[in-house]
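Notes follow once the structure below has been shown.
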Amino acid sequence: QVQLVESGGGLVQAGGSLRLSCAASGRYAMGWFRQPPGKEREFVARISWAGGLTSYADSVKGRFTISRDNGKNTVYLQMNSLKPEDTAVYYCTVGTTTTRADYWGQGTQVTVSS
């Protein structure tokens, strides 16, 4: 079974930064979705395994950066200039597209205070 291990969530002031990490097996595209309180899950970012191509939601472009370390089977999400609207549970995913994923982690909470 595919297992996803997430870390790096926490509480941060608006304008601050956090770095999320996710370790998972398999040579697949990986990425992140998020779910704000009381709202639906939404796509955040994706990175391809073979080509290193990335995609971002418009809401995070220029602020978030997704990267990977294939030797460690780890994907990262560097989040800068955080806003209160970024508050959500962030889910690491495997087999990721902009609309769905094959496997989901348990989520890590990110809270941005104003």
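Please read these numbers as outputs of a predicted model, since none were measured by experiment.
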Tell me whether Val12 shares a hydrophobic cluster with Leu77, the cluster being built from Ile, Leu, Val, Met, Phe, Trp, Tyr side chains joined at under 4.5 Å.
yes
Before you tell me yes or no, could you show the steps for Ser59 and Lys83 under side chain to side chain contact (heavy atoms under 4.5 Å, CB included), namely the whole-Å CA-CA distance, both residues' side-chain angles and the distance that decides it to 0.1 Å?
CA-CA 11 Å; Ser59 59; Lys83 306 174 180 179; over 6 Å; no
Can any side-chain N or O of Arg68 pair as donor or acceptor with the backbone N or O of Ser48 at less than 3.5 Å?
yes
Does Tyr28 OH have over 12 foreign heavy atoms under 6.0 Å away?
no
For Ala14 and Ser114, work out which heavy atoms get closest and say how close.
CB-CA, 4.3 Å
When you look at Glu85 and Thr87, which way does the side chain to side chain donor-acceptor pair (under 3.5 Å) test go after all the steps?
CA-CA 5 Å; Glu85 64 200 62; Thr87 295; over 6 Å; no
Any donor-acceptor pair under 3.5 Å linking the side chain of Thr74 with the backbone of Lys72?
yes
So which atom in Leu4 and which in Ala24 form the shortest heavy-atom distance, rounded to 0.1 Å?
CG-CB, 4.0 Å
Does the Ser55 side chain pair with the main chain of Arg46, one donor and one acceptor, at a distance under 3.5 Å?
no
For Val44 versus Val60, what's the shortest heavy-atom pair and its separation?
O-CG2, 3.6 Å
Are Trp32 and Trp104 connected in a single hydrophobic cluster, I mean Ile/Leu/Val/Met/Phe/Trp/Tyr linked by side-chain heavy atoms less than 4.5 Å apart?
no
Judged by modelled atom types alone, do Gln13 and Ser113 share a side-chain donor-acceptor pair under 3.5 Å?
yes
If we count only N and O atoms by modelled type, under 3.5 Å, do the side chains of Ser17 and Asn80 hold a donor and an acceptor together?
yes
Spell out, as yes or no, whether a donor-acceptor pair under 3.5 Å connects the side chain of Arg63 to the backbone of Ser81.
yes
Determine yes or no for a side-chain-to-main-chain donor-acceptor pair under 3.5 angstrom, with Glu6 supplying the side chain and Gly107 the backbone.
yes
Going by ring-ring contact (aromatic ring centres under 6.0 Å, His included), Phe33 matches just one of Phe43, Tyr91, Tyr103, Tyr90. Which one?
Phe43
Correct closest heavy-atom pair for Leu18 and Gly8 would be CD2-O, 4.0 Å
Check step by step if salt bridge (charged side-chain N to carboxylate O under 4.0 Å, His left out) holds for Asp58 and Lys61.
CA-CA 5 Å; Asp58 288 341; Lys61 284 182 179 178; 3.2 Å; yes
Might you point out which heavy atoms bring Met30 and Ile66 nearest each other, and give the distance in Å?
O-CD1, 4.1 Å
